[in-house]
J.: 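I have a structure I would like to understand better, so I am pasting it below and will then ask my questions one at a time.
Chain letters run A, B, ... following the sequence lines, proteins first and then strands; every chain starts at 1.
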Amino acid sequence: MNIRRASVAALRCWLRHHDLVNPAHLGSRLRLGFYASRATAATATTTNMTRILCVAEKPSIAKAVATHLSGGQYQTSNTRNTYIKNYSFTFDFGPPWGHCDVTMTAVKGHLTAVEFPGDYKQWEFPPPDSLFDAPVLTVVPDDNKSIAKNIEDQAKRATALVIWTDCDREGEHIGSEIRDAARKGNRQIQVKRARFSNVERAHILSAARRLVSLDEKQVDAVAARIELDLRIGYAFTRFLTLSLRPMGGPLQGLTLSYGSCQFPTLGFVVDRYFRVKNFVPEPFWSIKVMHERDGIKVNFNWARHRLFDRMMAVVLYERCLVARTATVTKVSEKPTRKFKPLPLTTVELQKMATRFLRMTGQQAMTIAEKLYNKGFISYPRTETDRFDRGMDLRALVRKQTQDSRWGPFAQNLVDGAFQQPRQGRHDDKAHPPIHPITYAAPQALDDGERRLYELVVRRFLACCSDDAKGVASDVEMLYGDEVFSAHGVMVLERNYLDVYPYENWSGTAVLPRFTVGERFEPTEALLSEGKTTAPSYLTEADLIALMDANGIGTDATMAEHIEKIQERQYVRTVPRGGGGAGDADDGSWPRTGWSCGAGRPRRGSGGGGGGSGVREFIPTSLGVALIEGFDRMRFETSLGKPFLRKEMELKMKAICEGRTTKQLVLRESIEGYRRVFEQSRAELNVLKAACRQELKHVGLVMSAVVFGRPLLEQNATLRIETPRRI
DNA sequence: GCAAGGTC
């Protein structure tokens, strides 16, 4: 083909066929005679292909994507960063680029960070509220400089950048950070983004051929969040620390931080604490009927459950006794099942680890990270509780058949008992549920890894098994004018329960036979008296569940916020059951001057605890004072409540949907927080009063006093003051 | 010395 004589249309077609150029840019370049010589050269040698730079959010994804795009045929080179490698290969992106030379590399999460200029580094001056409108700089932290430089250098030789970050808002923002780094090296570089939600081969290949643009709205939403967290966090932290420090004592050496996630987290702990403290037991009465038949004792439950009026209960009870016989009114027997668990998410993993493995959420995440890096489990940060239909789960089950503990169970699944896992409703579009990747022999793991790996495997096998099945029998009877019922289950097939010791099927008593219309005289009928009991203090699993439900933090950061409020001495944990006042105020604590508001000893209950290693969260008096202080200032929304974070979430969503803009959100939010700040400054005496009260008592007795009210006495008996918060 | 969000 003679290029100089060809029409533009024909040229376009030819160039496209030879994978040389994006036809959209052809016109201007043709006029410059750009392609005449280049195309000729290209026919002579095939090495002059379009260069594409691909960048993933993390090294593992870069490797996985490179493997799929190259068919395993890539060359690896090291960069100046230990964790980051560049993979070179060729790949046919289809039109307009066609067959390309590709370099695939990665960042490690966010590439940049925000900070205030040097003249705002001092805490005292300019005053903290100046941070609301101080300039904010975006910088590449030292740790990331080599990563940014690698992208900048690679971009110089590339026609286009393809961003392979996770398919979520943060991923979109990280994409914009990568774009900016690439443009530093090549201002002309085209920018595209691959949308993918797992690293399965066909999915990745299809994503590579269906590139989209970066979503600037999502980028803006995250940028707004980043800037607000910085301004508000720094301003309130400096304000709190500086205004309370002059009061001396333990306040002198502490950093009193505020953060949009750590404060609501503290708020949950304080809230539960008051519910326990202010709980007033109420007496109630209930009729208990037991009937023995065929050697089985059947307990019938009163349809009214319980009454808080003693006289009424007595009257109804007497009517039962007068009637003497009960009449069976309903008998039913029907198949029932106990559902197997959903595929494992990060939040679930943390809840289970804190309940059953005696780990903190933070420890569980660190261990999960290690297992992931060794290739034993999938990516441990995921919100997804449904497996992609295309995944070969049977192959993963087969890998577990060699284990002595759950191998036979896995083998049974392989031999035909396999069932597709349940499909949850969450999908983060970035990662599958947590599951084992390869088999890890117990000797290959340390103690913590072994226990967590076991949990992941058992959960996975349970997911691939069948629900437990049984027959439920229900009997209803009339005794006097009162209705009673009994429920029993006969377990027929345990299925997943055999591999999943974290659950059992309680109430599995088998009922003897009853027939409708029959009359019998109950073996026993009693009027029993009871008292309502206080809720338990929060366990870590409860706290994680609350944060999750209220959108406080992300799966990856919840454990960090929980650590943070302990580090700041806002809360502490005590073993459930062993955690009484004496325990909480052990020798180590008064050294800081803050007594801890632990209550009476409690026995394991609720929260799925059971294990003796479960710890519960109790606020220190400092934590109580901060939350109460802010609550008492009567803002429209207290800083200690989760609503502000939720509002931020809604605003981010609005930016993403184009209903508002980053600029508007920033302006509104900054003004809002500035008002809260002014009000806090004006009502500082409220906060100070709380702390002063506190300081006076420190070192005298081991009692926590907030706003002049004793919260607990030194001994373990609970003294209930007038409830102030319900 | 301060935040929250990624990731190793």
Side-chain angles (χ1 to χ4, degrees), chain A residues 55-63 81-85 106-116 120-124 128 130-131 134 136 138 140-141 143-144 146-147 165-178 218-219 221-245 252-265 346 365-374 379-382 428 430-431 547 551-565 567-568 639 644-645 648-649 652 673:
Chain A
V55 185
E57 183 165 323
K58 42 189 162 270
S60 61
I61 297 286
K63 186 175 185 181
N81 188 293
T82 335
Y83 300 100
I84 310 275
K85 292 189 170 28
V107 289
K108 291 183 308 179
H110 284 287
L111 190 57
T112 60
V114 287
E115 61 177 38
F116 291 110
Y120 289 87
K121 291 268 192 289
Q122 281 186 64
W123 283 45
E124 291 81 5
S130 66
L131 298 178
V136 166
T138 299
V140 177
D143 294 0
N144 288 348
S146 59
I147 304 176
T165 48
D166 289 359
C167 185
D168 53 25
R169 278 195 312 233
E170 293 294 330
E172 215 67 18
H173 192 272
I174 293 168
S176 77
E177 297 167 38
I178 294 167
Q218 289 192 49
V219 173
V222 173
R225 199 250 327 134
I226 290 173
E227 187 176 327
L228 284 171
D229 279 336
L230 176 76
R231 291 187 188 282
I232 296 157
Y234 272 46
F236 277 99
T237 298
R238 290 183 183 182
F239 164 72
L240 277 176
T241 307
L242 293 177
S243 12
L244 298 180
R245 178 180 298 167
Q252 235 161 352
L254 291 176
T255 298
L256 306 181
S257 64
Y258 170 83
S260 61
C261 288
Q262 50 176 271
F263 243 58
T265 305
T346 305
M365 287 312 290
T366 307
I367 295 169
E369 196 84 35
K370 277 200 233 158
L371 288 170
Y372 163 68
N373 286 322
K374 291 180 179 175
Y379 191 64
R381 286 186 283 270
T382 174
D428 63 16
H431 306 285
M547 294 172 76
I552 302 300
T554 66
D555 47 14
T557 62
M558 283 176 194
E560 286 173 33
H561 301 311
I562 293 173
E563 290 281 316
K564 180 69 78 182
I565 59 175
E567 184 192 324
R568 292 276 180 256
L639 289 178
L644 286 172
R645 190 67 187 74
M648 182 66 229
E649 198 60 34
M652 284 169 77
Y673 277 100

J.: Whether A:R381 contacts B:dG6 is assessed here as follows: a side-chain N or O lying under 4.0 Å from the phosphate OP1 or OP2. Is that the case?
T.: no
J.: For A:V114, report the nucleic acid contact type (base, sugar-phosphate, nothing); a contact means any heavy atom under 4.0 Å.
T.: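 Base, at least one base heavy atom under 4.0 Å.
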J.: Tell me whether A:T346 contacts the main-chain N or O of A:T382 through its side chain, where contact means a donor paired with an acceptor under 3.5 Å.
T.: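 The answer is yes, because a donor-acceptor pair under 3.5 Å joins these two groups.
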J.: Check every strand shown and say whether A:G553 touches a base, only sugar-phosphate, or nothing at a heavy-atom separation below 4.0 Å.
T.: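 Sugar-phosphate, no base atom in range.
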J.: Regarding A:R645 and A:E649, does a basic nitrogen lie under 4.0 Å from an acidic carboxylate oxygen?
T.: yes
J.: Nearest heavy atom decides the nucleotide; on that basis, is A:Q122 or A:I147 closer to the 5' end of DNA chain B?
T.: A:Q122
J.: How would you label the contact of A:Y379 with the nucleic acid (heavy atoms, under 4.0 Å): base, sugar-phosphate, or nothing?
T.: sugar-phosphate
J.: Using whole Å, what does the distance between atom P of nucleotide B:dG6 and atom CD1 of A:I226 come to?
T.: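 Checked: the CD1 to P distance equals 10 Å.
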J.: Can you measure A:D229 atom CG to B:dA4 atom P for me and round it to whole angstrom units?
T.: 6 Å
J.: Is the distance from OP1 or OP2 of B:dG1 to the nearest side-chain N or O of A:T241 less than 4.0 Å?
T.: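 False: A:T241 side-chain N/O out of range (4.0 Å or more) of B:dG1 OP1/OP2.
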J.: Does NZ belonging to A:K374 count more than 12 external heavy atoms closer than 6.0 Å?
T.: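 Yes - once you tally the heavy atoms of other residues, nucleotides and ligands closer than 6.0 Å, there are more than 12.
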J.: Choosing from B:dG6, B:dA3, B:dT7, which nucleotide comes nearest the side chain of A:E170?
T.: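 Taking heavy atoms from C-beta onward, the closest nucleotide is B:dG6.
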J.: Between B:dG1 and A:T255, is there an OP1 or OP2 to side-chain N/O distance shorter than 4.0 Å?
T.: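 Checking A:T255 against B:dG1: no side-chain N or O falls below 4.0 Å of OP1 or OP2.
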J.: So among A:R381, A:K58, A:R225, which one has a salt bridge (Lys or Arg N to Asp or Glu O under 4.0 Å) with A:E170?
T.: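 Output: one option passes, namely A:R225.
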J.: At 4.0 Å (heavy atoms only), tell me whether A:P128 reaches a base, stays on the sugar-phosphate, or touches nothing.
T.: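 Nothing, no nucleic acid heavy atom in range.
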J.: Is there a stack between A:Y234 and B:dA3, judged by ring centres under 5.5 Å and planes under 30°?
T.: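 A:Y234 vs B:dA3: stacking no.
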J.: Quick one about A:D166 and A:H431 (side-chain donor to acceptor, distance below 3.5 Å, no hydrogens or angles considered), yes or no?
T.: yes
J.: Ignoring the backbone of A:T554, work out which of B:dG6, B:dG1, B:dT7 is nearest its side chain.
T.: B:dG6
J.: Could you check which of B:dG1, B:dT7, B:dG5 has an atom nearest any side-chain atom of A:R245?
T.: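 Nucleotide nearest to A:R245's side chain: B:dG1.
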J.: Return no unless some side-chain N or O of A:R568 is found under 4.0 Å from OP1 or OP2 of B:dA3.
T.: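 A:R568 to B:dA3 OP1/OP2: side-chain N or O found under 4.0 Å.
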J.: Within the structure, does a side-chain N or O atom of A:R645 lie under 4.0 Å from either OP1 or OP2 of B:dG5?
T.: yes
J.: Going by side-chain contact (heavy atoms from CB on, under 4.5 Å), A:V107 matches just one of A:N144, A:T112, A:I84, A:I178. Which one?
T.: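 Running side-chain contact (heavy atoms from CB on, under 4.5 Å) over A:N144, A:T112, A:I84, A:I178 with A:V107 returns exactly one hit, A:I178.
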J.: Expressed in angstrom and rounded to an integer, what is the separation of A:E115 atom CD from B:dA4 atom P?
T.: 18 Å
J.: To the nearest angstrom, how far is A:M652 atom CE from B:dA4 atom P?
T.: 14 Å
J.: Figure out the CZ/P separation between A:F263 and B:dA4, and round it to whole Å.
T.: 11 Å
J.: Tell me whether the side-chain N/O atoms of A:S257 come closer than 4.0 Å to OP1 or OP2 in B:dA3.
T.: yes
J.: Whole-Å distance between B:dG6 C1' and A:I178 CD1?
T.: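 In whole Å, B:dG6 C1' lies 11 Å from A:I178 CD1.
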J.: Check the distance between B:dG1's P and A:E124's CD and give it to me in whole angstrom.
T.: 13 Å
J.: Under 4.0 Å between any heavy atoms, over every strand shown, what does A:Y258 touch: base, sugar-phosphate, or nothing? Just pick one.
T.: sugar-phosphate
J.: So does A:H561 get a side-chain nitrogen or oxygen closer than 4.0 Å to the phosphate oxygens (OP1/OP2) of B:dG5?
T.: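 A:H561 to B:dG5 OP1/OP2: side-chain N or O found under 4.0 Å.
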J.: In whole Å, what is the span from the CD1 atom of A:I552 to the C1' atom of B:dG5?
T.: 14 Å
J.: When we call it a touch if two heavy atoms are under 4.0 Å apart, what does A:R225 touch: a base, just sugar-phosphate, or nothing?
T.: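 The answer is base, as A:R225 lies within the cut-off (heavy atoms under 4.0 Å) of a base atom.
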